[in-house]
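Everything on this sheet refers to the single structure shown next.
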Amino acid sequence: MSEVTLDELVSLCKRRGFIYQGSEIYGGLAGTWDYGPLGVALKRNILDLWWRTFVDERDDMYGVDAAILMNPKVWQASGHVDTFTDPLVECSNCHNRFRADKIEDENRCPVCGRENVFGEPRQFNLMFKTNIGPTQDEKSISYLRPETAQGIFTNYKNVVDSFYPDLPFGIAQQGKAFRNEISPRDFVFRSREFEQMEIEYFVRPDEWEKAFEQWQKDIHKFLKALGLSDSKVHELEVSDGDRAHYSKRTVDFEFDFPIGREELLGLAYRTDFDLKNIEKGSGKGMEYRPKDGGEPFVPHVIEPSFGLERAVMAVLTSAYQEDEIGGEKRTVLKLPTELAPVRVAVSPLLKNKPELVAKAREVYKTLKAEFGRVMYDDNGNIGKRYRRQDEIGTPYCVTIDFDTLEDDTVTVRNRDTAKQERIKIESLADKIK
RNA sequence: GCGGGAUUCGUAUAACGGUUAAUAUAUCAGUUUUCCAAACUGAGGACGGGAGUUCGACUCUCCCAUCCCGCACCA
């Protein structure tokens, strides 16, 4: 089986209404992508599955939805302002970067010692700046959040005050984040506006390892539910030198994308770095008071961080297959049923027989009321419709034929096997469930 | 941000310094069709944007935008 190429994926997404280039009609805008009717359905299904798995089905998780615009102090305390908005020079030899105003000898690289390696200082604004209120001065500057995590940390105390949960517990959030990437690349893989699904899981400092390992398992389970093949998912233990300075352990979950093996999501042990920063920045105590009367302490944090667009891309990569039905080649998206944008398509066997069309419409209406994600399709002939539905990953096609008019049975055709089954209309909903 | 390559109907491709820009597929309308892209008829649909060279530019040159490949970046 040949692997799908990026071009094939991009082309299918465009042709079938999953993903379009952002602002395409005006020549596009680098690093932005628009989701069409099927794309948004797929995206929402992934978001829903994630929320169900990690929030609704657990009793140790709390959801939040923080504002995208936050007090700029958040980004000062977190270190984002210092790291991302200064003019930097880059050594053309060793590629280290330095604050242009902090460098001692502007002709010599302090790391590799070479001379005349610096070009003009450049502004590395990875955060999108904006002005709040009518005046546009230094005081009104704020930022579009470059990560959702801070929206969780800043609400940690609120959640504890409202619910006083036992440790360990987690706070989950889904939402957009913005990064002014120097070079957005690889379809939706690296874009300037993207959606994160993040959890900050708060634990006792001596229990982080246990929690970390449990999260590794839970993540694998979720990736399986997304339909990602095990052979394409790889854990990468991030080495000491490559980890963020505050992290004691990080495991990247990588996936074999059409562009190569790249990070799909990250699992990081962040110690008490973030809550301590907020203590310093806000002056408010972030200590957790154990109910058994033990000494208060600042909890440590395990952070599983998912990128929605990368999940979409991984799901499509895994699902995309080319196989043969009756000697004819076809393209099929073998999406898990709960992720499929269209759950079931309904067709009359022939579209020029009014009695079949009427019956098909009736069945369509019933299923639509039950499942929502139902499509009525009478284009071309029946074989053509099956192929179209295969290409967008519809797991079931229901066809109304002349027998239906006699005995109220329909055929249900399975996407993956192309096998058909004749069943009663009244048991259709159960069958599809 | 650097280097290279590209940009033509929805998609995939073609051609040409000069007639109405072609083909496949998809789309729409119709005929036909009793289960896996059948056939027929008809219709709509494109030279990324802007300058320049030229009698004439989709074609040549430059600028811009976007995409792809490589590098760098990825807190």
Side-chain angles (χ1 to χ4, degrees), chain A residues 5-8 10-17 20-33 36 75 78-86 88 90-97 119-120 122-127 146-147 149-150 177 179-187 189-192 194 242-247 252 258-260 262-263 266 268 273 307 324-332 347-353 356 379-391 397-405 410-415 417-422:
Chain A
T5 66
L6 187 64
D7 283 345
E8 284 169 335
V10 173
S11 169
L12 175 81
C13 285
K14 173 97 199 285
R15 189 158 36 87
R16 291 302 191 192
Y20 311 112
Q21 166 80 53
S23 311
E24 190 186 22
I25 207 150
Y26 287 108
L29 178 66
T32 62
W33 299 91
W75 308 113
S78 69
H80 285 83
V81 171
D82 286 343
T83 319
F84 292 140
T85 59
D86 291 312
L88 300 179
E90 181 175 329
C91 171
S92 60
N93 179 48
C94 67
H95 299 299
N96 278 295
R97 284 175 175 178
E120 284 296 301
R122 288 190 306 189
Q123 202 74 18
F124 280 77
N125 287 321
L126 272 101
M127 285 201 290
E147 62 170 32
Q150 293 304 321
R179 290 181 201 179
N180 202 355
E181 294 285 352
I182 294 165
S183 171
R185 269 296 162 89
D186 300 322
F187 196 31
F189 185 83
R190 177 172 294 113
S191 49
R192 295 204 161 109
F194 56 99
D242 291 337
R243 277 198 306 268
H245 60 284
Y246 49 77
S247 178
D252 282 348
I259 53 172
E262 296 285 352
E263 184 182 345
F273 177 79
E324 289 194 356
I325 294 290
E328 292 284 333
K329 265 210 220 153
R330 69 161 180 172
T331 300
V332 55
S347 289
L349 181 60
L350 299 172
K351 70 170 168 182
N352 64 346
K353 299 284 187 275
L356 290 183
N379 183 281
N381 59 47
I382 190 68
K384 216 162 174 173
R385 288 171 223 155
Y386 289 155
R387 297 302 165 83
R388 277 155 60 101
Q389 295 301 330
D390 285 343
E391 213 179 14
C397 290
V398 169
T399 301
I400 281 72
D401 60 18
F402 292 97
D403 290 345
T404 311
L405 304 175
V410 295
T411 56
V412 178
R413 183 255 192 190
N414 179 295
R415 175 194 66 201
T417 61
K419 294 261 163 56
Q420 303 194 51
E421 197 180 337
R422 188 133 209 123

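In the text below, chain A, chain B and the rest are named by the order of the sequence lines, each starting its count at 1. Treat the numbers as computed from the prediction; the structure is a model and nothing was measured.
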For [N], what is the paired nucleotide under Watson-Crick or G-U wobble rules, both distances under 3.5 Å?
N	value
B:rA12	B:rU23
B:rG30	B:rC40
B:rU59	none
B:rG45	none
B:rU7	B:rA65
B:rG70	B:rC2

Discussion item. So for A:R413 and B:rC36, does any side-chain atom that can act as donor or acceptor lie under 3.5 Å from a complementary atom in the base?
Written reply: yes
Worksheet item: On a plain distance test, is the side chain of A:S183 in donor-acceptor contact with the base of B:rC73 below 3.5 Å?
Response: no
Pick base, sugar-phosphate or nothing for [X], based on heavy-atom distances below 4.0 Å to the nucleic acid.
X	value
A:E263	nothing
A:R330	nothing
A:A30	sugar-phosphate
A:D186	sugar-phosphate
A:T399	base
A:Q420	base
A:G31	sugar-phosphate
A:F187	sugar-phosphate
A:R190	base
A:D390	nothing

Discussion item. Assuming nearest nucleotide by heavy-atom distance, tell me which of A:E147 and A:K14 is located more 5' along RNA chain B.
Written reply: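 By nearest-heavy-atom nucleotide position, the 5'-most residue is A:K14.
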Worksheet item: Between A:R185 and A:K329, which is nearer to the 5' end of RNA chain B once each is assigned its nearest nucleotide?
Response: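 First, find each residue's nearest nucleotide; the 5'-ward one identifies A:K329.
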Worksheet entry | Spatial distance of atom CD1 (A:I259) from atom OG1 (A:T5) [nearest 0.5 Å] |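 Result: 12.5 Å between the selected atoms.
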Practice prompt. Any chance you could measure A:L356, atom CG, to A:D401, atom CG, to the nearest 0.5 Å?
Written response: 7.5 Å
Distance in angstrom units between [X] [atom1] and [N] [atom2], rounded:
X	N	atom1	atom2	value
A:F402	B:rU33	CZ	C1'	10 Å
A:R243	B:rC74	CZ	P	17 Å
A:E24	B:rG48	CD	P	13 Å
A:E391	B:rC36	CD	C1'	14 Å
A:I25	B:rA46	CD1	P	12 Å
A:N381	B:rU25	CG	P	14 Å

Discussion item. Between the side chains of A:E24 and A:K14, is the shortest nitrogen-to-carboxylate-oxygen separation below 4.0 Å, so that they form an ion pair?
Written reply: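 A:E24 and A:K14: salt-bridged.
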Worksheet entry | Side chain of A:S11 (C-beta onward), nearest among B:rU33, B:rU11, B:rA37 |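 The answer is B:rU11.
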Discussion item. Which label fits A:H80 and A:W75: parallel for a plane angle under 30°, tilted from 30 to 60°, or perpendicular past 60°?
Written reply: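 A:H80 and A:W75: perpendicular rings.
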Worksheet item: Would you find a donor on one side and an acceptor on the other, under 3.5 Å apart, between the side chain of A:S191 and the backbone of A:F194?
Response: no
Practice prompt. Check whether the side chains of A:Y386 and A:S347 place a donor and an acceptor atom closer than 3.5 Å, and report yes or no.
Written response: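 Their side chains do not contain a donor-acceptor pair, so the 3.5 Å distance test is not met.
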